[in-house]
2 protein chains.
Amino acid sequence: MENFKENKKFQETVATAKTLFWKHGIKRVSIEEICSETPVSKMTFYKFFKNKEVLAEYLLRELLDKWHEAYTKIMSQDMPFPTKIKKVIALEQEASADMSEEFIKDIYNNEFVELQKLVSEDRNRYHAEIAKDMIAAQKRGEIRKGIKPEFILYLLEDIGNKVVDDKLSSLYSSKQELIMELTNYFFYGIMNNQPDA
Amino acid sequence: MENFKENKKFQETVATAKTLFWKHGIKRVSIEEICSETPVSKMTFYKFFKNKEVLAEYLLRELLDKWHEAYTKIMSQDMPFPTKIKKVIALEQEASADMSEEFIKDIYNNEFVELQKLVSEDRNRYHAEIAKDMIAAQKRGEIRKGIKPEFILYLLEDIGNKVVDDKLSSLYSSKQELIMELTNYFFYGIMNNQPDA
DNA sequence: TGTAACTATACGAATATTGTATTTTATGTG
DNA sequence: CACATAAAATACAATATTCGTATAGTTACA
């Protein structure tokens, strides 16, 4: 696959797709809509991406990489642990701010198998890293001594499951809200000293 | 046409449609989606509505009637004119709060001719009424003496045009924002004593 | 049991979308 | 200029989706 990242038309196409996907989800947006909005001809589009899902994959990968980079940066900084946690939570919030319910649904729900795979693989990877950071924090006394590292990993997995739990989801008006709640619950729940809300 | 307003399935169908239309606009929502979400069979749907646009018409008429009722109520109350204006503006805001950009686009833009007709007819009707109220307010000294009644009507028409002006729209991140700005501009612009923001 | 309201299923027709092929039109670049 | 490159425009077959209707089956219930 060629690398089009410097290509102007490519960048414009990706930008349009991001706007539309974030607003309406993936299913409700057609390739032709992306093309006419950009504007770019359909032929050029297919030069860049095999199909709509591959484009969504590209965007999602971009998002996850950015998230990971920001997370690593926060964790590597020299600041109190609770401050880091707050920043990580804010990061989460920021990333999902302009994301529609529909977009998240399209990723978690149905037909886009590759996207689900991408997200779940990434989750595993990042969870391992987060767990590592948490264990290190525990050694430094920032996380309660009583918690087993395996339990932290378990909790992270569990959050992933809870996000797609319909019963729990129905208690919240949006997935973002639920994700925030779970993120808060996780980080504050394991911390040594509860910070002020 | 039969009157189904007491029918439970009818009410459920209308409720689902409202949720979906308000979120995604009209074009992006299919009849089948409304049916499976409600849930109601397609046959029953077509018993209620000839097609999607007729359903949207029903919802829009409901909305416009409610708006009008609330407006009349505010205007008939005994309170200072600036307070009324504020309430009317708040009403406008409230009505469009959970409405997506997409829904407004679908009404103003393109293919749904009947909806546009409905809105423009209503606009004329309500404009006449608003103008009447404004002229009465002017008689009571609540609106600047210098303003001609015809100018008020002209302004109201003008607002309708500005809403669909792409050049102006591009200055705002959403149609709602633009509509609010214009509504504010109109009401505050003609008032006798500028109320505190 | 009968009837009214609704569902389930199936289906043809219309539309929309996808993905590709072919031909034109710009846009540089030596 | 001439040539190469990139993109646009157009057209098109293959699918997929959506629409609207017909028919048969189910449920609720007086």
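Here is how names work: the chains are called A, B, and so on, in the same order as the sequence lines, proteins then strands, and each is numbered from 1.
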All N/O pairs under 3.5 Å across the protein-nucleotides 17-26 of chain C interface:
unit_1	atom_1	unit_2	atom_2	d
C:dT18	OP2	A:Ile31	N	3.0
C:dG19	OP2	A:Tyr46	OH	3.1
C:dG19	N7	A:Lys42	NZ	3.3
C:dG19	O6	A:Lys42	NZ	2.7

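- A donor-acceptor pair under 3.5 Å is formed between the side chain of A:Gln138 and the backbone N or O of A:Ile147.
- What separates CZ of B:Phe4 from C1' of C:dA5 is a distance of 11 Å, to the nearest Å.
- Straight-line distance from the CZ atom of B:Phe45 to the P atom of D:dG20: 8 Å, rounded to whole Å.
- For the pair B:Lys47 NZ and C:dT7 C1', the computed distance is 11 Å after rounding to whole Å.
- What separates CD of A:Glu111 from P of D:dA16 is a distance of 12 Å, to the nearest Å.
- Remark: A:Phe45 pairs with A:Phe49 by the ring pair (Phe, Tyr, Trp, His ring centres under 6.0 Å) rule, at least two apart or across chains.
- Atom CD1 of B:Ile26 is separated from atom P of D:dT18 by 16 Å (rounded to the nearest Å).
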Practice prompt. Decide yes or no on salt bridge (Lys or Arg N to Asp or Glu O under 4.0 Å) for A:Asp133 and A:Lys84, but give the supporting numbers first.
Written response: CA-CA 11 Å; A:Asp133 289 340; A:Lys84 282 184 189 176; over 6 Å; no

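- A salt bridge between A:Asp165 and A:Lys162 is absent, with no side-chain N of the basic residue lying under 4.0 Å from a carboxylate O of the acidic one.
- The distance between atom NZ of B:Lys9 and atom C1' of C:dT7, rounded to the nearest whole Å, is 9 Å.
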Ignoring hydrogens and angles, write down the donor-acceptor pairs under 3.5 Å from the side chains of residues 34-41 of chain B, residues two or more places apart or on other chains.
unit_1	atom_1	unit_2	atom_2	d
B:Ser36	OG	B:Glu32	O	3.2
B:Ser36	OG	B:Glu33	O	3.3
B:Thr38	OG1	B:Thr16	OG1	3.1
B:Thr38	OG1	B:Ile34	O	2.6
B:Ser41	OG	B:Thr44	N	3.3
B:Ser41	OG	B:Thr44	OG1	3.0

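- Take A:Ser173 and apply the side-chain hydrogen bond (donor to acceptor under 3.5 Å, both in side chains) test, not counting sequence neighbours, and it matches A:Glu177.
- Residues passing the side-chain hydrogen bond (donor to acceptor under 3.5 Å, both in side chains) test with B:Tyr185, sequence neighbours excluded: none.
- The interatomic distance linking B:Lys27 (NZ) with D:dC19 (C1') rounds to 17 Å, in whole Å.
- Applying the ring pair (Phe, Tyr, Trp, His ring centres under 6.0 Å) criterion to A:Phe103, with sequence neighbours excluded, gives A:Trp22.
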Worksheet, complete the sentence: Counting primed atoms, P, OP1 and OP2 as sugar-phosphate and everything else as base, the B/S/- map of nucleotides 25-30 of chain D against protein heavy atoms under 4.0 Å is ------

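- A:Tyr71 is linked by a ring pair (Phe, Tyr, Trp, His ring centres under 6.0 Å) to A:Trp67, counting only residues two or more places apart in sequence or in another chain.
- Of the residues in residues 10-21 of chain B, none has a non-hydrogen atom less than 4.0 angstrom from any atom of DNA chain C.
- Dashed line: the shortest gap from a side-chain N or O of A:Thr44 to OP1 or OP2 of D:dA7 is not under 4.0 Å.
- End-to-end axis angle for the helix from C:dT1-D:dA30 to C:dG30-D:dC1, using five pairs per end and rounding to 10°, comes out at 30°.
- Atom pair B:Phe48:CZ and C:dA4:C1' shows a separation of 13 Å (rounding to whole Å applied).
- For the atom pair CG of A:Leu153 and NZ of A:Lys132, the computed distance is 12.0 Å after rounding to the nearest 0.5 Å.
- Residues passing the side-chain hydrogen bond (donor to acceptor under 3.5 Å, both in side chains) test with A:Ser120, sequence neighbours excluded: none.
- Shown here are the side-chain hydrogen bond (donor to acceptor under 3.5 Å, both in side chains) partners of A:Glu114, two or more places apart in sequence or in another chain: A:Lys117.
- Ring centroids of A:Tyr58 and A:Phe10 are separated by less than 6.0 Å, placing the two rings close together.
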